[in-house]
Structure formats: structure tokens, C-alpha cells
Amino acid sequence: MTLLENRTALVVGGASGIGHAIATAYLKEGARVVVADRTATTDFDSVPVDVTDENSVAEAVAAAGARLGEIDILVNSAGILTEAPVVEMDLATWSQTLAVDLTGVFLCCRHVVPRMVERGRGRVINIASQLGIKGGHGLAHYSAAKAGVIGLTKSLALEVSGRGVLVNAIAPGPIETPMVEGITEEWKTAKRAELPLGRFGRAEEVAPTAVLLASDPGGNLYCGQTLGPNSGDVMP
Ligand SMILES: NC(=O)c1ccc[n+]([C@@H]2O[C@H](COP(=O)([O-])OP(=O)(O)OC[C@H]3O[C@@H](n4cnc5c(N)ncnc54)[C@H](O)[C@@H]3O)[C@@H](O)[C@H]2O)c1
């Protein structure tokens, strides 16, 4: 038996990396999936979206809803990562990261969750980061956005859990995806040395946590939580 039979999912940021692995795992578990991303993909039924643009989010959610009927599961995995120390960071770099990594999550929740509340059921899974818990050199903008995602997740969970909608976050450690390809080998080597497991994770090792949070009964008791598939980088 598959875990997500007769469920529908919108995976935002599903064209690559962790979102792609989650969309793949959801399909394997029997869900019907639409991916929304700014990058086109032929791997899934997909709709274009720029999560920083509210009109674009509204259109993507409407298009996904039309294809799926209803959206049972929303995954927010779109994100960007750049590096700059605070003392050198310009406002545009800060603002763009907050716009994609935090406001984008808010906008997707804002446009999907009202219908979930009306229906009295739904699951929202926001991809945060362990850097939102521990911070990172040159990553204040990213860490602040991801800490924001964790706070947004808890607050939204408080608001809608009584109406049948469960909202949780996943805070992965370093995962081998296109996002980390650009980081220097020196940084990666130092980072690996810090990790109790001594290695970065793979997107396929994060996706099962997103399956758990979406599933019944496995995910039924998670509310406002941040789960950490992070190679031991953070032990809250
Ligand atoms: N890779 C890691 O080490 C790691 C660790 C912790 C958290 N995360 C988080 O996981 C999520 C997925 O990252 P990933 O590693 O799979 O990276 P990735 O670059 O492979 O995937 C990110 C996706 O987001 C999409 N995207 C970016 N900006 C967008 C926008 N404005 N509108 C719509 N889509 C947009 C990209 O097109 C891409 O498909 C991100 O939120 C990231 O911050 C990644």
C-alpha cells in the first residue's frame, strides 16, 4: 500500500534538488503532483511561478488547483542562497533573499491555506534550514529568512491546526543539490569536518521526512514542528 493514495500535492520549487526529490517521492507514494517553479521542468506536470510576485503565485495556485481539483498538500521548497558578510552586504542582496526564501513561503501559504481551512483538511510543509537555527558565516540574510520560516510555520500552525490543517517545517543540513554546487570546496571540506555524520545528505534522504509529514497516520501528530534531517549539524 502506498502512503499518499488519493492525495494531491503542489510542490513549489520542485524543478530541482530537494523539491524535485519530494515531488518524485510523493508520486511514488500514489499522490497526484503539480510542481510550480520559475525554472521549467518536463519531469512533472508543472506550472510556472515566481514566488516573489503575488499575482504569479495566485495564478500558479489557481492553475494547479484546476489540474488537481483540490490541493491536499503544499510543499514550499523554492529558495536561493548567496554568500556575503553583513558588513559588505548590500540591501538588494538582503531583500532578494528575504523575498524568495521567506516572503515566497508566506505568499504560497496565503494563497493555498484558506481553501484548506474551508475544507477542514490540509498539510503544509515548509523547507527551512538548520542555518535558521544555528546561523552561518556570510549567511545572515539566508539564516534570517530560514529562522523566519520556522517562526511563520509555528504561528500558522497555531492559527489553523484547529481547522484540520497541519503546518510543519523541515530544516535540512547541507544537501548535495545545485544550490550548494557553487560553494567553494574549502567551505565544503570544513563543513563536512563539523558534521557528526561526516558527510552532506542527498535530496532523496530528505524526501521521506516530507512523506512522513504528509501521511496519515504518520504525520497526524506533528504540528508546528521543525524536523531536522541534518547529519547531526544541529541537535535542538
Ligand atoms: N541544499 C542544501 O544544502 C539545503 C539545506 C537546507 C535547506 N535547503 C533549502 O531547501 C530548498 C530547496 O533547495 P535545493 O537545495 O533543492 O536548491 P535548488 O537550487 O536545487 O532548488 C531550488 C528551486 O527553487 C526554485 N526557485 C528559486 N527562486 C524561485 C522563485 N523566485 N520562484 C519560484 N521558484 C524559485 C529554483 O528554480 C529551483 O528549482 C530551499 O528552500 C533551500 O533553502 C537547502
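Indexing begins at 1, ligand by ligand and atom by atom, following the structure's order.
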*Asks:* Can you see which heavy atom on Arg123 is nearest to which on Ser215, and at what distance?
*Replies:*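 It is NH1-O, 2.8 Å.
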*Asks:* Would you say the side-chain atoms of Arg67 pair up with the backbone N or O of Ser46, donor to acceptor, closer than 3.5 Å?
*Replies:*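 Yes, because the side chain of Arg67 sits within donor-acceptor range (under 3.5 Å) of the backbone of Ser46.
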*Asks:* Is Tyr142 close enough to touch ligand 1? Criterion: a residue heavy atom under 4.0 Å from a ligand atom.
*Replies:*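 So Tyr142 counts as touching ligand 1.
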*Asks:* Ignoring hydrogens and geometry, is there a side-chain-to-backbone donor-acceptor pair from Arg38 to Val51 under 3.5 Å?
*Replies:*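 Side chain of Arg38 to backbone of Val51, a donor-acceptor pair under 3.5 Å: no, none is there.
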*Asks:* Please state which option from Lys146, Lys191, Gln96 has its nearest heavy atom closest to atom 41 (O) of ligand 1.
*Replies:*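 Considering heavy atoms of Lys146, Lys191, Gln96, the nearest to atom 41 (O) of ligand 1 sits in Lys146.
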*Asks:* Tell me whether Arg119 at atom CZ has more than 12 heavy atoms from other residues, nucleotides or ligands lying less than 6.0 Å away.
*Replies:*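 Yes, the 6.0 Å shell around CZ holds more than 12 heavy atoms from other groups.
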*Asks:* Which of the numbered atoms in ligand 1 are below 4.0 angstrom from a heavy atom of Val49?
*Replies:*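 Per the distance check, 32 (N), 33 (C).
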*Asks:* Given Thr97, Ile175, Val57, which has its nearest heavy atom closest to atom 1 (N) of ligand 1?
*Replies:*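 Selected option, by shortest heavy-atom distance: Ile175.
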*Asks:* Compute whether any side-chain donor of one residue and acceptor of the other, for His20 and Thr177, lie under 3.5 angstrom apart.
*Replies:*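 Looking only at side-chain atoms, Thr177 and His20 do not form any donor-acceptor pair under 3.5 Å.
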*Asks:* Ile127 heavy atoms, cut-off 4.0 Å: which ligand 1 atoms fall inside?
*Replies:*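 Answer for ligand 1: 9 (C), 10 (O), 11 (C), 41 (O).
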*Asks:* Atom 13 (O) of ligand 1: which protein heavy atom is closest, and how many Å away?
*Replies:*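 Of the protein heavy atoms, Met179 CE, 3.8 Å lies nearest.
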*Asks:* How far is atom 12 (C) of ligand 1 from its nearest protein heavy atom, and which residue and atom is that?
*Replies:*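 Looking at atom 12 (C) of ligand 1, the protein heavy atom closest to it is Ser77 O, 3.0 Å.
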*Asks:* Can you name the atoms of ligand 1, numbered from 1 with element, that are less than 4.0 Å from a heavy atom of Gly17?
*Replies:*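 Near Gly17, meaning under 4.0 Å from one of its heavy atoms, ligand 1 has 16 (O), 20 (O).
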*Asks:* Treating Thr97 as the side-chain partner and Tyr142 as the backbone partner, does any N or O pair qualify as donor plus acceptor under 3.5 Å?
*Replies:*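 No, the answer is negative, given that no donor and acceptor are paired below the 3.5 Å cut-off.
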*Asks:* Which residue holds the protein heavy atom closest to atom 5 (C) of ligand 1, what is that atom called, and what is the gap in Å?
*Replies:*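 It is Gly173 O, 3.2 Å.
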*Asks:* Assess the residue pair Glu176 and Arg192 against the criterion (salt bridge (charged side-chain N to carboxylate O under 4.0 Å, His left out)); give the C-alpha distance rounded to whole Å, side-chain angles, the decisive distance to 0.1 Å, and a yes or no.
*Replies:* CA-CA 12 Å; Glu176 299 283 5; Arg192 277 189 199 99; 3.5 Å; yes
*Asks:* Are there over 12 heavy-atom neighbours, none belonging to Lys154, within less than 6.0 Å of that residue's NZ?
*Replies:*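 Result for NZ/Lys154: open.
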*Asks:* For ligand 1, note which part of Val100 has a heavy atom under 4.0 Å away: side chain, backbone, both or neither.
*Replies:*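 For Val100, only side-chain atoms sit under 4.0 Å from ligand 1.
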*Asks:* Within a distance under 4.0 Å of any heavy atom of Ala78, pick out the atoms of ligand 1 and give their elements.
*Replies:*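 In order of number, 24 (O), 26 (N), 34 (N), 35 (C), 41 (O).
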*Asks:* If you measure only the distance, is there a donor-acceptor pair under 3.5 Å linking the side chains of His111 and Glu54?
*Replies:*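 His111 vs Glu54: donor-acceptor pair found between side chains.
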*Asks:* Does a sphere of radius 6.0 Å around CD in Glu186 hold more than 12 heavy atoms from other residues, nucleotides or ligands, not counting ones at 6.0 Å or beyond?
*Replies:*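 No, not enclosed.
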*Asks:* For atom 18 (P) of ligand 1, what's the nearest protein heavy-atom neighbour? Residue, atom name and distance, please.
*Replies:*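 Nearest neighbour among protein heavy atoms for atom 18 (P) of ligand 1, to 0.1 Å: Ser16 OG, 3.6 Å.
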*Asks:* Looking only at protein heavy atoms, which one is nearest to atom 15 (O) of ligand 1, and how far off is it?
*Replies:*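 Scanning the protein heavy atoms, the shortest distance from atom 15 (O) of ligand 1 goes to Thr177 OG1, 2.5 Å.
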*Asks:* What's the separation between atom CD in Glu205 and atom CG in Asn230, rounded to the nearest 0.5 Å?
*Replies:*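 Answer for the CD-CG pair, Glu205 versus Asn230, is 12.0 Å.
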*Asks:* What residue and atom, counting heavy atoms only, is the protein's closest point to atom 6 (C) of ligand 1, and at what distance?
*Replies:*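 Answer for atom 6 (C) of ligand 1: Pro172 O, 3.4 Å.
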*Asks:* Contact between ligand 1 and Ala203 is defined here as a heavy atom of the residue under 4.0 Å from a ligand atom; is it met?
*Replies:*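 Per 4.0 Å heavy-atom rule, Ala203 does not contact ligand 1.
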*Asks:* With side chains defined as the heavy atoms from C-beta onward, is the minimum distance between Met116 and Val160 less than 4.5 Å?
*Replies:*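 A side-chain contact under 4.5 Å is absent here.
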*Asks:* Can you find a heavy atom in the side chain of Phe200 that is under 4.5 Å from one in the side chain of Ile175?
*Replies:*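 Counting from C-beta outward, Phe200 and Ile175 never come under 4.5 Å.
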*Asks:* For Asp50, which part has a heavy atom under 4.0 Å from ligand 1: side chain, backbone, both, or neither?
*Replies:*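 Both parts.
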*Asks:* To check your reading of the model: name the closest protein heavy atom to atom 38 (C) of ligand 1, its residue, and the distance in Å.
*Replies:*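 Of every protein heavy atom, Asp37 OD2, 3.6 Å lies nearest to atom 38 (C) of ligand 1.
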*Asks:* Tell me: protein heavy atom nearest atom 32 (N) of ligand 1, and distance?
*Replies:*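 I find the closest protein heavy atom is Val51 N, 3.0 Å.
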*Asks:* I'd like the name of whichever of Ala128, Ala99, Gly182, Gly79 reaches closest to atom 7 (C) of ligand 1 through any heavy atom.
*Replies:*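 Comparing heavy atoms across Ala128, Ala99, Gly182, Gly79, the nearest one to atom 7 (C) of ligand 1 lies in Ala128.
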*Asks:* Assess His20 for proximity to ligand 1: is some non-hydrogen atom of it under 4.0 Å away?
*Replies:*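 Distance cut 4.0 Å: His20 fails for ligand 1.
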*Asks:* Can you list the atoms of ligand 1 that are under 4.0 Å from a heavy atom of Pro174?
*Replies:*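 Checking each atom against Pro174, I get 3 (O).
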*Asks:* Just let me know how Glu176 lines up against ligand 1, side chain, backbone, both or neither, with a heavy-atom cut-off below 4.0 Å.
*Replies:*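 Under 4.0 Å from ligand 1, Glu176 contributes no heavy atoms.
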*Asks:* Are side-chain N/O atoms of Ser231 and Asp233 paired as donor and acceptor at under 3.5 Å?
*Replies:*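 Per modelled atom types, Ser231 and Asp233 side chains form no pair under 3.5 Å.
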*Asks:* May I ask whether Val180 has any heavy atom positioned less than 4.0 angstrom from an atom of ligand 1?
*Replies:*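 Judged by the 4.0 Å heavy-atom criterion, Val180 does count as contacting ligand 1.
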